[in-house]
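Notes follow the structure.
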There are 2 protein chains.
Amino acid sequence: MDVKPLRYFSEVARHNSFTRAAEALHVAQPAVSMAIRKLEAELELTLFHRQDRRVSLTDEGSRLLGHAHRILQAVSDAQLEMEELRGLSRGEVRVGIPSMLGSYYFPPILMAFRHRHPNLKLSVVEAGTGSLQQMLEAGSLDLAVIVAEQVPDELEACSFLREQMMVTVAREHPFARQADITLADFFAQELVMFPQGYFHRRVVDRLASASGWTPEIGFETSLLPLIKSIVTQGFGISTLLEMVLRDDPDLVAVPFSEPVWLDLSIAWRRDGYLSRANRAFVDFVLEQAGTEKS
Amino acid sequence: MDVKPLRYFSEVARHNSFTRAAEALHVAQPAVSMAIRKLEAELELTLFHRQDRRVSLTDEGSRLLGHAHRILQAVSDAQLEMEELRGLSRGEVRVGIPSMLGSYYFPPILMAFRHRHPNLKLSVVEAGTGSLQQMLEAGSLDLAVIVAEQVPDELEACSFLREQMMVTVAREHPFARQADITLADFFAQELVMFPQGYFHRRVVDRLASASGWTPEIGFETSLLPLIKSIVTQGFGISTLLEMVLRDDPDLVAVPFSEPVWLDLSIAWRRDGYLSRANRAFVDFVLEQAGTEKS
DNA sequence: ATACTCCTTATCAATATGATAAGAGACTCT
DNA sequence: AGAGTCTCTTATCATATTGATAAGGAGTAT
């Protein structure tokens, strides 16, 4: 029992005519005759009562008609959804974004993506790089934004933005007048940091262990506005991505004397298939980053 | 989107393996590969993620899987019902039977038919020949038992029983000792009759008009037991099928001097298709009548 | 390293499908 | 009554689809 013959059958039943059905189906009329004959042979039942030039459903035929409608409906539903998935008018993007980027870089991108593909469901999780990687590997996320240098083997990553980590101080702080800050100077200060598991913290820890200093962490929070507020009031200093500081009049961003650049990437499981929707999101992010640069 | 590829798809998804699916489907493995590839091309979507020798559904594939299951289920439902109709483990027989036969000849046949095809729905309507013909033509009945000689053109009829109409009198009635009764004698008596529209009445009216007599009808009812009771008590005479009188000790059946035979037939719309179930019923009745005779 | 497992590609035969052309039965309109 | 038509069937043929066999290649296990 195949779909095409059932479609023919349904049309013949609808029109009570082979000729009319053939027209509606855009096939030659004998094709319809043969298809119905074959279906009848397959089922070993007479589906239509051919009386002179009048065609009508038999009892058995009308029983089949209900099934045929159900089947054709189900097929058409499937085709519709596949078409939607293909055309990105359906689908889901589940992406994880670290706090710092989620607050400063991504909002406009997310809005623009949503505008481009209004029917895609967009789930955004904000969490530290560590959690994001775990969620990615566990399959509860499809995509995550991470810092490129620490890409594990099982993830595939695509860098879309290179951004400098800047020492962040209040306007009144002595550092604010320096052209750059050495690691020694930086680590001599009391720091306000993200907790373990955030790329922010990882970067600083790496800088510390590479240079032999021990960071003195006076305050630890994953709330970026709180960090900024604390630094603004002079209770500590921090280091943040340049983008976070660009529009803040109360904070001063000073580069390290050996500039620290971070490659921000969007990553996914290497062995996992990216759905159309997710791939569209990756492409969109890369495209936005590209146009922004130029 | 065809049924076979969907079945292949569903099996591959079930086993996460082309080879295993091919085994389960009893086809060569490349056939499965090709079918899936073609389905993917048709939908312009990747359904499986082929990673090394591991196969897994993509997001789009798992969306399709639900539809595939629904479609395959619907197809299998249809096949099942068609099979049931073919094998007469489903279907409906709607048959109309005149009172006289419904009470005396058909009950055992109906029971036997029901025993032979326990899953067929059997709807039996008891009514006069006139009503039955109307219902047949209106399509509210598929089959009806009628008297052969008055078969209209639009009905097809098959005779299954030839039965004599007997003058019916009480044991004490003078007619009871006669070998036969002339029409003149019969019409001289007060009659107990079925109403208009019953073959019983039609036959008597026909006899009357053919012989020029006018029947004197003292009592009219469609209740056969009532007729018998009235005749038994000597308030009138009637004429009934032989089968009705065979086991009644209080009534005597005497033939007309020119015997009146009725051909009982089972009829259906000439232009209407007889469903498997109805045809089975006709065959069954004919078969029963045949074996009974022999 | 070698054999094995599993999916893909290539080729070929069998089958199925649909188009065209011709035919047959029945209704309709003169 | 007979021509014309309408509609389904049959016949024939070209094309497309399907599945089997054989060979290839990538990855894994022993």
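Just the heavy atoms: all of them, side chains too, but no hydrogens, waters or symmetry mates, feed the values below. Within every chain, numbering begins at 1; the chains are lettered A, B, ... in the order of the sequence lines, protein sequences first and strands thereafter.
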Does either side chain, that of A:Glu92 or that of A:Ser123, offer a donor lying less than 3.5 Å from an acceptor on the other one?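 Indeed, the side chains of A:Glu92 and A:Ser123 share at least one donor-acceptor pair under 3.5 Å.
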
Do A:Ser33 and A:Gln29 get their side chains close enough for a donor-acceptor pair, meaning under 3.5 Å?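 Their side chains do contain a donor-acceptor pair, which is all the 3.5 Å distance test asks for.
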
Checking contacts here: which listed nucleotide ([options]) is nearest the side-chain heavy atoms of [X]?
X	options	answer
A:Ala28	C:dT20, C:dT8, C:dC6	C:dT20
B:Phe18	D:dT18, C:dC7, C:dT9	C:dC7
A:Tyr8	D:dT21, C:dG18, D:dT9	C:dG18
A:Ser33	C:dT8, D:dT9, C:dA19	D:dT9
B:Ala31	D:dT10, D:dG19, C:dT8	D:dG19
B:Lys38	C:dT8, D:dT18, D:dC8	D:dT18
A:Val55	C:dG18, D:dG19, D:dC8	D:dC8
A:Lys4	C:dG18, D:dT21, D:dT9	C:dG18
B:Val27	D:dA20, D:dT18, C:dC7	D:dA20

Integer-rounded Å distance: [N] [atom2] and [X] [atom1]:
X	N	atom1	atom2	answer
A:Arg20	D:dC6	CZ	P	12 Å
B:Arg7	D:dT18	CZ	C1'	15 Å
B:Gln29	D:dA22	CD	P	15 Å
A:His49	D:dC8	NE2	P	14 Å
A:Glu23	D:dC8	CD	P	10 Å
A:Met34	C:dA16	CE	C1'	10 Å
B:His15	C:dC7	NE2	P	12 Å
A:Phe48	D:dT9	CZ	P	10 Å

One pair to check against ring pair (Phe, Tyr, Trp, His ring centres under 6.0 Å): A:Tyr8 and A:Phe18. What are the steps and the verdict? CA-CA 9 Å; A:Tyr8 286 17; A:Phe18 284 65; over 10 Å; no

Would you say [N] has OP1 or OP2 under 4.0 Å from some side-chain N or O of [X]?
X	N	result
B:Arg37	C:dC7	no
B:Ser17	C:dC7	yes
A:Thr19	D:dC8	yes

Parallel, tilted or perpendicular: which fits the ring planes of B:Phe106 and B:Phe281, with parallel below 30° and perpendicular above 60°?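 Rings of B:Phe106 and B:Phe281: parallel, as their planes differ by under 30°.
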
Within a reach of under 6.0 Å around CE of A:Met135, are more than 12 heavy atoms found that belong to other residues, nucleotides or ligands?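 Result for CE/A:Met135: enclosed.
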
Sidechain-backbone polar pair: A:Gln73 side chain, A:Ala68 backbone, donor-acceptor under 3.5 Å: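 Side chain of A:Gln73 to backbone of A:Ala68: no pair is present.
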
Go nucleotide by nucleotide along DNA chain C from the 5' end; which of A:Pro5 and A:Pro30 gets its closest nucleotide reached first?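 The residue whose closest nucleotide sits nearer the 5' end is A:Pro5.
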
